[in-house]
Amino acid sequence: MAEVVLSAVIFETFISVMLIIVFILILLKYIQRRKKPVLYLLLTFASFSLASLTSAIGRWLGYFLGNETIGFTDLSNMTAFLLLALSNCFVVAFVETVFANKGVDFAITFLVINGIVIGMSMEAIIYWFSDTQFGLLAKKFYIIVLLAIISLVTYIILVVYAFKEAKMNTEKLPKTGFNLIAAYGISVSLLFVCFALDSVMASLGKGYSPFYYMGWSFAMVGVFLGYLGYIMPGWLKNIIQKSS
Amino acid sequence: MIQAVYVISRSGIPIVVVDKGDENSSFSDQALFSGILTAIQSAMEEIDVGVPKFVDTKKFEVFIELSDEIAVALLRKGEIEVERQIIHEMTSEILQNISSNFPNIGDYNLLSEEQIDEIEKYVEEMIEKGDKEIAKRKATKIVSDSFW
């Protein structure tokens with residue numbers, strides 16, 4: 001479906017703003033503490049925000065300028081996939097630094113597969129410049145499927161580690177923090193599953209399927225959970241401390 | 001990772017040594033290490049600068065706890081600040097438990113083979129527990145320091 005629906009434009013713009021706000025909060029945290037895990041999370045959210053923003057800009061252009069002869073959304077989707085694969089690399093670095101501590105052996109497989117996704121997205125972007133017609137890149141839905149699989153594995157590892165850590169903690173604050181991080185991981189995992197399913201539907205000519213809206217809804221919930229779990233605002237700390 | 005635990009008499013003789021890093025380490029090496037450690041402690045005590053509880057070499061970190069009868073020295077590789085407190089606590093726990101469960105340890109020649117085996121087994125359990133504790137508390141500490 002070449003036509004861009006207004007709800008998609010609004011939805012993506014809203015989530016991009018949410019992501020940018022969380023990115024700024026993490027940046028402030030990094031300026032305060034200068035710790036490696038914060039840096040990796042900052043880079044994760046930077047790539048994530050850019051991916052979402054790129055996608056939103058593509059929708060805006062497609063909505064206002066038309067999306068048929070110049071498939072703006074095709075280009076923005078591919079660029080977003082590239083940035084999401086990049087963000088996965090920083091998630092791997094975060095998990096390795098905080099939880100796994102297994103060195104390069106742990107990270108290398110993830111980095112290689114994300115590298116393959118980045119390479120395939122680049123190739124698709126270059127191809128787009130030779131023929132900007134909408135829909136040609138829909139055939140390359142296998143890129144998002146591969147991205148979804150590697151993202152799913154990456155975030156499931158984060159979820160498992162965070163739940164384990166939450167279980168081992170007896171103090172309420174870290175227990176809640178790790179549970180929120182795990183919940184964030186689950187939301188992001190579901191986001192990738194929905195995007196992969198939506199891309200498969202789009203390749204069959206059924207764009208903006210319910211999976212598209214479900215995916216962005218999970219993104220919205222995930223960003224909020226990420227904000228609570230990582231940033232842990234003062235009001236949340238007060239509630240946790242009072243309840244314990 | 002915890003490499004070794006030495007239970008040393010205050011005269012510098014190794015009573016029990018559990019060495020995970022080098023299981024074939026000879027008694028003479030162990031006696032030399034125990035002797036040097038005791039000599040350093042005695043010298044520092046003599047010149048009134050206080051007994052060292054932590055020695056950092058290029059290869060190992062050595063955590064030391066003392067009682068009137070024995071000393072417990074724990075060697076480990078790694079230099080992560082957050083783990084040091086845990087190791088200090090653990091070394092102190094080993095010292096306290098051995099001292100209270102084996103009140104005659106000061107006269108170590110009177111310890112039976114079974115008692116030595118019992119101490120060895122206890123130290124091995126503590127090493128395993130310590131490694132698990134470090135792994136467990138590290139992620140929480142890192143995230144707390146970085147974010148919360």
Side-chain angles (χ1 to χ4, degrees), chain A residues 22 25-42 45 94-103 157-158 160-182 184 226-234 236-238 240-241, chain B residues 1-5 18-23 54 56-63 74-94 96-97 122-148:
Chain A
V22 175
L25 291 169
I26 299 171
L27 178 66
L28 294 173
K29 189 73 89 181
Y30 179 68
I31 292 167
Q32 275 173 9
R33 309 217 175 167
R34 303 256 169 203
K35 299 274 184 185
K36 226 187 228 181
V38 190
L39 177 66
Y40 291 140
L41 192 73
L42 181 70
F45 272 81
F94 177 84
V95 172
E96 159 56 25
T97 312
V98 175
F99 300 107
N101 302 302
K102 290 190 170 86
I157 291 172
L158 173 73
V160 170
Y161 272 123
F163 269 142
K164 261 189 187 173
E165 204 64 28
K167 207 177 162 192
M168 279 192 283
N169 268 289
T170 46
E171 282 178 53
K172 208 115 192 235
L173 196 125
K175 203 176 187 65
T176 313
F178 282 115
N179 276 327
L180 285 167
I181 292 172
Y184 154 79
Y227 161 71
L228 295 179
Y230 291 114
I231 306 293
M232 202 167 281
L236 179 62
K237 277 185 198 165
N238 288 338
I240 296 167
Q241 271 151 4
Chain B
M1 189 189 170
I2 297 164
Q3 293 287 305
V5 173
V18 177
D19 195 335
K20 295 275 173 192
D22 181 8
E23 302 210 341
F54 176 69
D56 193 2
T57 72
K58 274 190 177 172
K59 209 171 166 190
F60 292 110
E61 288 183 337
V62 185
F63 298 78
L74 187 150
L75 275 77
R76 70 151 199 153
K77 274 185 178 168
E79 50 189 29
I80 298 173
E81 185 68 39
V82 295
E83 295 174 4
R84 287 192 186 130
Q85 186 56 36
I86 302 167
I87 301 281
H88 269 305
E89 286 167 18
M90 191 190 143
T91 314
S92 177
E93 196 183 329
I94 294 174
Q96 279 169 16
N97 282 343
Y122 166 70
V123 170
E124 275 174 8
E125 279 169 12
M126 285 301 285
I127 291 174
E128 204 178 316
K129 186 183 155 195
D131 278 333
K132 274 187 190 162
E133 188 72 3
I134 290 165
K136 192 172 88 179
R137 281 159 68 173
K138 207 161 80 181
T140 301
K141 184 82 178 145
I142 292 171
V143 177
S144 296
D145 288 351
S146 305
F147 296 98
W148 306 328

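The shown structure was predicted, so the numbers you read here are calculated from the model rather than taken from an experiment. So that the names make sense, note that chain A is the first sequence line, chain B the second, and so on, each numbered from 1.
- By the neighbour-count criterion of 12 heavy atoms within 6.0 Å, atom CD of B/Glu124 is densely surrounded, having more than that number from other residues, nucleotides or ligands.
- Residues A/Glu165 and B/Thr140 have side chains in contact (heavy-atom distance under 4.5 Å, counting atoms from C-beta outward).
- By the 6.0 Å contact criterion, CD on B/Glu128 is open, its count of non-hydrogen atoms from other residues, nucleotides or ligands being 12 or less.
- Within 6.0 Å of NZ on A/Lys175 lie more than 12 heavy atoms contributed by other residues, nucleotides or ligands.
- The contact between A/Leu41 and chain B is made entirely by side chain atoms (from C-beta outward), counting heavy-atom distances below 4.5 Å.
- Counting heavy atoms from C-beta outward, B/Ile142 and A/Thr97 have side chains that stay 4.5 Å or more apart.
- Ranked by heavy-atom pairs under 4.5 Å with chain B, the first of A/Gln32, A/Lys35, A/Arg33 is A/Arg33.
- A donor-acceptor pair is defined here as one N or O able to donate and one able to accept, closer than 3.5 Å; such a pair exists between the side chain of A/Lys237 and the backbone of B/Trp148.
- Contacts of A/Phe178 with chain B are made by both backbone and side-chain atoms, with heavy-atom separations under 4.5 Å.
- When each of A/Ile231, A/Val38, A/Ile181 is tested with B/Phe147 by the rule side chain to side chain contact (heavy atoms under 4.5 Å, CB included), just one qualifies, namely A/Val38.
- Contact of A/Lys36 with chain B is not made at all, since no heavy-atom distance falls under 4.5 Å.
- Rounding to the nearest 0.5 Å places OH of A/Tyr40 at 11.5 Å from OG of B/Ser146.
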